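All values below come from the heavy atoms of this structure, side chains included, with hydrogens, waters and symmetry mates left out. Naming: A, B, ... by sequence-line order, numbering from 1 per chain. Because the structure is predicted, anything quoted here is derived from the model rather than measured.
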2 protein chains.
Amino acid sequence: MAKAQSDRFSTQQQSLADLAKALSHPARIAILEVLAARNVCICGELVAEMPLSQSTVSQHLKVLKEAGLVIGEIDGPKSCYCVDWSKLADAQSAIVTWFSKTDTLKANCC
Amino acid sequence: MAKAQSDRFSTQQQSLADLAKALSHPARIAILEVLAARNVCICGELVAEMPLSQSTVSQHLKVLKEAGLVIGEIDGPKSCYCVDWSKLADAQSAIVTWFSKTDTLKANCC
DNA sequence: CATCCTTATCGTATATATACGATATACGAT
DNA sequence: ATCGTATATCGTATATATACGATAAGGATG
């Protein structure tokens with residue numbers, strides 16, 4: 001179920017927006033922080049740390065997984081999630097690049 | 001009409017999520033790019049450049065204004081928008097800081 | 001095999017976002 | 001004052017997001 005891609009906007013604009021959307025909920029920020037802070041991938045522990053139900057956490061994890069920011073592996077009856085550092089680095093770089101590009105265009109205003 | 005702030009998450013997590021939400025639509029990315037590229041603040045020109053109706057553009061502008069990324073001034077019958085570079089810089093810095101913090105926690109995984 | 005534990009998905013209710021046309025507002029010009 | 005232009009807001013329809021309980025699925029364990 002890939003994104004619709006409305007073709008009204010460029011792929012770059014779309015993908016930056018998609019990335020931002022993945023980060024646009026505090027629960028997902030919090031999940032990433034917890035995942036990053038643990039040296040072992042957890043899952044049930046994640047639910048325990050979050051002020052949300054198990055199903056809701058699972059849903060947020062799905063969003064993060066679809067955005068590629070998180071990797072999920074099934075490990076027996078448990079699932080093991082961890083940050084995809086490579087993708088996260090790409091994300092950061094995309095954001096920084098966009099800001100820089102925008103900043104370069106800086107001009108007088110109002 | 002300030003944000004609800006659910007208090008389930010920290011203020012930092014919430015504000016980063018809010019920022020991401022403001023950037024989570026390609027139209028708003030595009031608007032920021034156009035505003036940044038012009039050395040004069042525009043508005044109707046903005047609508048002309050966007051594949052969206054005037055009212056929809058105005059709505060996106062409102063979101064950007066509420067997020068503080070854009071400044072809008074009424075100038076006669078026209079409105080004059082421009083990027084709030086200071087806020088944009090703050091935003092970039094907040095994002096970069098978060099990524100750095102997260103990266104510091106980097107640990108072994110799966 | 002029956003059962004337990006863990007996690008994903010389903011069903012559903014509610015809220016928010018998105019888009020557009022229509023209308024209101026605000027000002028400049030005539 | 002009237003008209004025209006430019007922009008914001010309203011009304012509304014539709015889509016997506018969010019949250020949770022309930023249920024299914026998958027493997028471990030007795």
Side-chain angles (χ1 to χ4, degrees), chain A residues 1-9 13-14 17-31 34-35 40-67 70-82 110, chain B residues 1-9 13-14 17-31 34-35 40-67 70-82 110:
Chain A
M1 37 132 115
K3 279 293 164 55
Q5 176 67 348
S6 70
D7 90 321
R8 292 205 202 198
F9 301 99
Q13 290 166 339
Q14 187 73 55
D18 287 345
L19 170 60
K21 187 169 241 170
L23 299 175
S24 71
H25 196 286
R28 292 195 285 273
I29 300 286
I31 287 175
V34 173
L35 285 181
V40 181
C41 308
I42 32 114
C43 191
E45 303 174 49
L46 196 52
V47 174
E49 295 212 21
M50 300 289 297
L52 295 169
S53 74
Q54 179 267 323
S55 59
T56 302
V57 171
S58 184
Q59 214 168 279
H60 283 300
L61 277 169
K62 191 178 178 185
V63 173
L64 288 170
K65 208 163 31 172
E66 282 173 357
V70 148
I71 300 170
E73 297 191 358
I74 298 167
D75 176 26
K78 309 180 183 180
S79 285
C80 170
Y81 283 100
C82 62
C110 291
Chain B
M1 49 128 107
K3 280 292 165 52
Q5 174 69 348
S6 70
D7 90 321
R8 291 207 202 197
F9 303 100
Q13 290 165 340
Q14 187 74 55
D18 287 345
L19 170 61
K21 186 169 245 171
L23 300 175
S24 71
H25 195 286
R28 291 195 285 272
I29 300 286
I31 287 174
V34 173
L35 285 182
V40 181
C41 310
I42 31 113
C43 190
E45 302 173 49
L46 197 51
V47 173
E49 294 212 22
M50 301 289 297
L52 295 169
S53 74
Q54 179 265 324
S55 59
T56 302
V57 172
S58 184
Q59 213 168 279
H60 283 300
L61 277 169
K62 191 178 177 185
V63 173
L64 289 171
K65 208 163 30 170
E66 282 173 357
V70 148
I71 300 171
E73 299 191 357
I74 299 168
D75 177 26
K78 308 180 183 177
S79 287
C80 171
Y81 282 100
C82 62
C110 291

Whole-Å gap separating P (dA17(C)) and NE2 (H60(B)): 11 Å
What I'd like to find out is whether the side chain of I42(A) reaches to under 4.5 Å of the side chain of L35(A), using heavy atoms alone. yes
Euclidean distance, atom CZ of residue R8(B) to atom C1' of dA15(C) [Å, nearest integer]: 14 Å
side-chain contact (heavy atoms from CB on, under 4.5 Å) with R28(A): of V63(A), V70(A), L23(A), only one passes, and it is V63(A)
Does the side chain of Y81(B) get closer than 4.0 angstrom to OP1 or OP2 of dA8(D) through an N or O atom? yes
How close or far is atom P of dA19(D) from atom NZ of K62(A), stated in whole angstroms? 15 Å
Okay, side chain of S24(B), backbone of K21(B): is any donor-acceptor separation there less than 3.5 Å? yes
Distance check needed: dA8(D) C1' versus L64(B) CG, whole Å only. 15 Å
Find the distance E73(A):CD to dG27(D):P and express it as a whole number of Å. 15 Å
According to a strict under-4.0 Å criterion, is S58(B) in side-chain N/O contact with OP1 or OP2 of dA8(D)? yes
Contacts of Q13(B) meeting side-chain hydrogen bond (donor to acceptor under 3.5 Å, both in side chains) (sequence neighbours excluded), chain-then-number -> E33(A), S10(B)
Using a cut-off of 4.0 Å on non-hydrogen atoms, how would the nucleic acid contact of L61(B) be classed: base, sugar-phosphate, or nothing? nothing
Interatomic distance, CE@M50(B) vs CZ@R8(A), rounded to 0.5 Å, equals 9.5 Å
Interatomic distance where NZ belongs to K21(B) and P belongs to dA15(C) [whole Å]: 14 Å
Spacing of K78(A) atom NZ relative to dG27(D) atom C1', expressed in whole Å: 12 Å
Nearest-angstrom distance from the residue atom CD of Q14(A) to P of dT18(C): 11 Å
Rounding to 0.5 Å, atoms CD (E73(A)) and SG (C43(A)) come to a distance of 12.0 Å
Using a cutoff of under 3.5 Å, can you pull out all pairs of nitrogen or oxygen atoms linking the protein to nucleotides 21-23 of chain D, with atom names and distances?
unit_1  : atom_1 : unit_2 : atom_2 : d
dG21(D) : N7     : S55(A) : OG     : 3.3
dG21(D) : O6     : S55(A) : OG     : 3.2

Between atom CG of L46(B) and atom OH of Y81(B), what is the distance when rounded to the nearest 0.5 Å? 9.0 Å
For DNA chain C, what string of dots and brackets results from 5' to 3' when Watson-Crick and G-U pairs need both distances under 3.5 Å, crossing pairs get [ ], and pairs with another strand get |? ||||||||||||||||||||||||||||||
Closest approach of L52(B) and H60(B), non-hydrogen atoms and distance? CD1-CD2, 4.1 Å
Please state whether the rings of F9(A) and H25(B) are parallel, tilted or perpendicular, taking 30° and 60° as the class boundaries. perpendicular
